Amino acid sequence: MIKFRNLLRAGAALAAAGIVMTGLTVNDARSQMMKDCCDDAAVSYSKDLWSAMEKAGLVGKGAKDDKPYKGQAPHGAVLETIHSEVVVGGYFFGIGGQKGKVVVKRNYGGDGVSIDAVSKDRKKFLKAVTVMFKREAGYDKDNGDWFWAKYKADGSLATNPKGMMLAGRVMKGADKGCIACHSLVKDRDYLFRKLN
Ligand code: HEC
């Protein structure tokens, strides 16, 4: 006959195993996401991408102006979106680099922000630069092969509240973040705005 105490023990062991297994699954999911999202390779790529954008006059000192317009969450009160083609990485003059379309969104905010104020002093209100770069076919075939990055105004990478560097297949598989939200417009190649 099975003793009640043994049953309890078996139950406790099962529960413990359950906790361990759930823990494992969560950890697996997390490390998969890290791999997809924001590993060292992605962080390093984001630096090359920033340099390429700087050269093309899309970010940094001497960046070309466009037309600021009223924005919406989560991107900022006033936005400015430009797009172009750049070559990321490579050796001399970009040979061996990856040529692709880049969409750059400058996010403006802070006290006194308005379209007018931003037009007069972009630097003062620039809070973040969010970028989508079309990488080589197969980079992320589930999500249009886009490389996602969020930079601070100075060009260093922004992090999410958990300290994750926002570069790469950002938060792939999660229900929040760049890919999740932009998937709403998957049929338009993940782009909310029509590029002119
Ligand atoms: C909760 C939804 C949401 C999240 C999360 C989000 N975006 Fe967006 N994104 C938008 C919307 C809405 C627009 C269009 C805003 C506009 O210009 O009026 C947009 C526009 C953009 C654009 C300009 C191209 C376009 O789609 O029109 C880029 C680039 C961009 N987002 C990058 C990012 C990056 C990088 C991240 C993650 C760090 C991110 N976004 C996270 C909603 C989101």
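Remember, predicted model here, so these are calculated numbers, not experimental data. Each ligand, and each atom within it, is numbered from 1 in the order the structure gives.
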Heavy-atom contacts with [X] under 4.0 Å: which atoms of ligand 1 show up? List them by number with element.
X: C181; result: 1 (C), 2 (C), 3 (C), 4 (C), 5 (C), 42 (C), 43 (C)
X: V103; result: 23 (C), 24 (C), 29 (C)
X: Y190; result: 26 (O)
X: K150; result: 38 (C)

Protein contact to [atom] [nearest heavy atom, distance to 0.1 Å]:
atom: atom 27 (O) of ligand 1; answer: R193 N, 2.7 Å
atom: atom 28 (C) of ligand 1; answer: M132 SD, 3.8 Å
atom: atom 42 (C) of ligand 1; answer: F192 CE1, 3.5 Å
atom: atom 17 (O) of ligand 1; answer: Y69 OH, 2.6 Å
atom: atom 23 (C) of ligand 1; answer: K105 CE, 3.4 Å

Would you kindly specify which portion of [X] sits under 4.0 Å from ligand 1, judged on non-hydrogen atoms: side chain, backbone, both or neither?
X: K176; value: neither
X: L79; value: side chain
X: C178; value: both
X: V185; value: neither

Decide yes or no on salt bridge (Lys or Arg N to Asp or Glu O under 4.0 Å) for K134 and D145, but give the supporting numbers first. CA-CA 6 Å; K134 193 65 125 177; D145 296 319; 6.0 Å; no

Mind checking whether [X] has an N or O less than 3.5 Å away from an N or O of ligand 1?
X: A149; result: no
X: Q72; result: yes
X: T81; result: no
X: T130; result: no

Please work out which of the three classes, parallel, tilted or perpendicular, describes the rings of W50 and Y151, given edges at 30° and 60°.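 Plane angle between 30° and 60°, so tilted.
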
Classify the ring geometry of F147 against Y139: parallel below 30°, tilted from 30° to 60°, perpendicular beyond 60°.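 Correct class here is tilted.
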
Within less than 2.8 Å of atom 8 (Fe) of ligand 1, any N, O or S from H75? yes

Assess H182: does it contribute an N, O or S atom lying under 2.8 Å from atom 8 (Fe) of ligand 1?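 Checking atom 8 (Fe) of ligand 1 against H182, an N, O or S atom does fall under 2.8 Å.
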
[Y] versus [X], side-chain donor and acceptor atoms under 3.5 Å:
X: S156; Y: D154; answer: yes
X: Y108; Y: E80; answer: yes
X: D66; Y: T81; answer: no

Could you grab the distance from atom NE2 of H75 to atom SG of C181, nearest 0.5 Å is fine?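 Those atoms lie 7.0 Å apart.
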
For residues [X] and [Y], report the shortest heavy-atom separation together with the two atoms involved.
X: E54; Y: V59; result: N-CG2, 3.6 Å
X: V103; Y: H83; result: CA-CB, 4.2 Å
X: R169; Y: I179; result: C-CD1, 3.7 Å

Taking only non-hydrogen atoms of G177, do any sit less than 4.0 angstrom from ligand 1? yes

Do Y45 and Q98 come close enough that some side-chain heavy atom pair is under 4.5 Å?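 A side-chain contact under 4.5 Å exists here.
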
Taking the ring centre of each residue, are W146 and F133 less than 6.0 Å apart? no

